[in-house]
Amino acid sequence: MSAVSSRLPVFPWDKLEPYKATAAAHPDGIVDLSVGTPVDPVPELIRRALVAAANSPGYPTVWGTAELRDALTGWVERRLGARDVAHTNVLPVVGSKELVAWLPTQLGLGAGDRVAYPKLAYPTYEVGARLCGAEPVSYEDPTELDPAGLKLLWLNSPSNPTGRVLDKAELTRIVAWAREHGVLLFSDECYLELGWEAEPVSVLHPDVCGGSYEGVVAVHSLSKRSNLAGYRAAFLAGDAAVLGELLQIRKHGGMMTPAPVQAATVAALGDDTHVAEQRARYAARRAALRAALEGHGFRIEHSEASLYLWATRDEPCWRTVAHLAELGILVAPGDFYGPAGDSFVRVALTATDERVEAAVKRLG
């Protein structure tokens, strides 16, 4: 038996454990800003919807309830500015990481195919390519790639880890290039509702895609906007032909969003108030951490959106990680996201107000 895991890179987070131990030894405890996992409560209206649907003894469907599909199409039109979105243009998935990791396999890609993603990127794009035996390729500008054998192009705006936002003109140019060369484009837009110094735009906006979803799919998640990382609630929107094929494959694979989570998703997408409240929490934490980091000698690059500050002291990232660990603050080294990040660290905004305040004091 050949071990599939041998195709994969070393799981990076294990390397952070010694630094976590150092930070945890701080007299006032650790401030963990390394992983972007929500810490604030799940909004009450979402929990009520989950509980109300708890008596769900039967199997849910992969495509979801009609109510869920109505919620997805309505949100895509209202929030993303997309037009004429039908049920065939949406598909719920079991969290976005599952989708990213298994999409190339579900698309039938393999040896001889290429999957492209940004030079600084969420590691799971590369993992997805390696799981199916395709060749992973990173880029600075996707339109400079050789399109030969390129079957899947990942965009990520706002970016994890850098917070960079691709503007409407850039997105339009990239979508046109992908269509010209017959390359399927998936845009990971999970941080779209967390723009600070830029207003993120979806590839599904008519100014970008020309009102057609051919060859274009957007990936969205409720993990960050609604504190639902524990629910595994996410969805796709875009090309009906692509989503129809994925639906058939996922039916055979039993990749079903649990019925109570479907009900909770309907409630979450129907309410904007909790999203605005959570944005305000993150905005305050971001302002406090940014000022403290800059006062401590850091330079912040990009970071105009998302849940992270992309910070550097122009030194090797692990030296920065060690320095902050001595202050009881744990951050993610930039090289987790590619060699281009080897002088940066990623600082997450996902800590309680009390822990953020502790970090600010220590940096001061």
Side-chain angles (χ1 to χ4, degrees), residues 13 30-54 64 67-68 71-72 74-76 78-80 92-100 122 124 156 158-161 163 188-196 200 218-237 257-289 303 305-309 330-332 346-359:
W13 293 95
I30 188 173
V31 178
D32 192 343
L33 306 178
S34 63
V35 183
T37 186
V39 297
D40 300 302
V42 173
E44 182 62 32
L45 87 159
I46 300 175
R47 283 187 272 171
R48 285 199 301 268
L50 185 85
V51 171
E67 291 79 11
L68 175 59
L72 297 178
W75 185 86
V76 168
R78 175 170 56 86
R79 182 62 185 84
L80 305 184
V93 295
V94 192
S96 57
K97 182 168 185 174
E98 166 263 303
L99 183 278
V100 173
Y122 182 49
T124 312
N156 180 208
S159 162
N160 173 14
D188 181 346
E189 301 175 351
C190 290
Y191 296 92
L192 183 133
E193 299 214 76
L194 295 167
W196 312 115
V219 182
H220 283 271
S221 166
L222 282 74
S223 293
K224 316 299 185 185
R225 73 185 295 278
S226 300
N227 299 333
L228 295 188
Y231 283 47
R232 311 315 299 135
F235 64 94
L236 307 179
T257 303
V261 174
Q262 293 189 29
T265 300
V266 173
L269 292 178
D271 177 72
D272 292 334
T273 301
H274 78 276
V275 180
E277 291 172 349
Q278 189 59 45
R279 272 182 55 88
R281 292 187 193 104
Y282 284 136
R285 292 167 187 164
R286 178 180 182 274
L289 285 170
S303 307
S306 84
L307 280 182
Y308 312 104
L309 292 169
L330 189 68
V331 298
R346 192 193 73 170
V347 183
L349 310 179
T350 49
T352 64
D353 292 341
E354 183 274 330
R355 288 288 84 188
V356 168
E357 185 179 351

Give a yes or no on whether the backbone of [Y] and the side-chain of [X] come within a donor-acceptor separation of less than 3.5 Å.
X: Gln262; Y: Thr257; result: yes
X: Ser221; Y: Ser223; result: yes
X: Arg225; Y: Gln278; result: no
X: Asp272; Y: Ala276; result: no
X: Thr350; Y: Val35; result: yes
X: Lys224; Y: Glu193; result: no

Among pairs that include at least one residue of residues 34-50, which meet salt bridge (Lys or Arg N to Asp or Glu O under 4.0 Å), considering only residues two or more places apart or in two chains?
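Of all non-adjacent pairs touching residues 34-50, those that pass salt bridge (Lys or Arg N to Asp or Glu O under 4.0 Å) are Asp40-Arg285, Glu44-Arg47.
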Among pairs that include at least one residue of residues 260-269, which meet salt bridge (Lys or Arg N to Asp or Glu O under 4.0 Å), considering only residues two or more places apart or in two chains?
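As it turns out, there is no salt bridge (Lys or Arg N to Asp or Glu O under 4.0 Å) pair with a partner in residues 260-269 once direct neighbours are skipped.
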Show me, pair by pair, the donor-acceptor contacts under 3.5 angstrom made by side chains of residues 264-271, not counting sequence neighbours?
from	atom 1	to	atom 2	distance (Å)
Thr265	OG1	Val261	O	2.8
Asp271	OD2	Thr273	N	3.4
Asp271	OD2	His274	N	3.0
Asp271	OD2	His274	ND1	2.7

How far apart are the C-alpha atoms of Leu50 and Tyr231, what are their side-chain angles, what is the distance that settles it, and do they pass the side-chain contact (heavy atoms from CB on, under 4.5 Å) test?
CA-CA 10 Å; Leu50 185 85; Tyr231 283 47; 3.6 Å; yes
Ser306 and Tyr282, any side-chain heavy atoms less than 4.5 Å apart:
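No, every pair of side-chain atoms sits at 4.5 Å or beyond.
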Restricting to non-hydrogen atoms, name the atom on Arg286 and the atom on Trp196 that form the minimum distance, rounded to 0.1 Å.
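That closest heavy-atom pairing would be NE-CD1, 3.2 Å.
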Which class fits the ring pair His220 and Trp75: parallel under 30°, tilted 30 to 60°, perpendicular over 60°?
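Perpendicular.
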Does Leu349 form a side-chain contact (heavy atoms from CB on, under 4.5 Å) with Leu194? I'd like the steps, not just the answer.
CA-CA 11 Å; Leu349 310 179; Leu194 295 167; over 6 Å; no
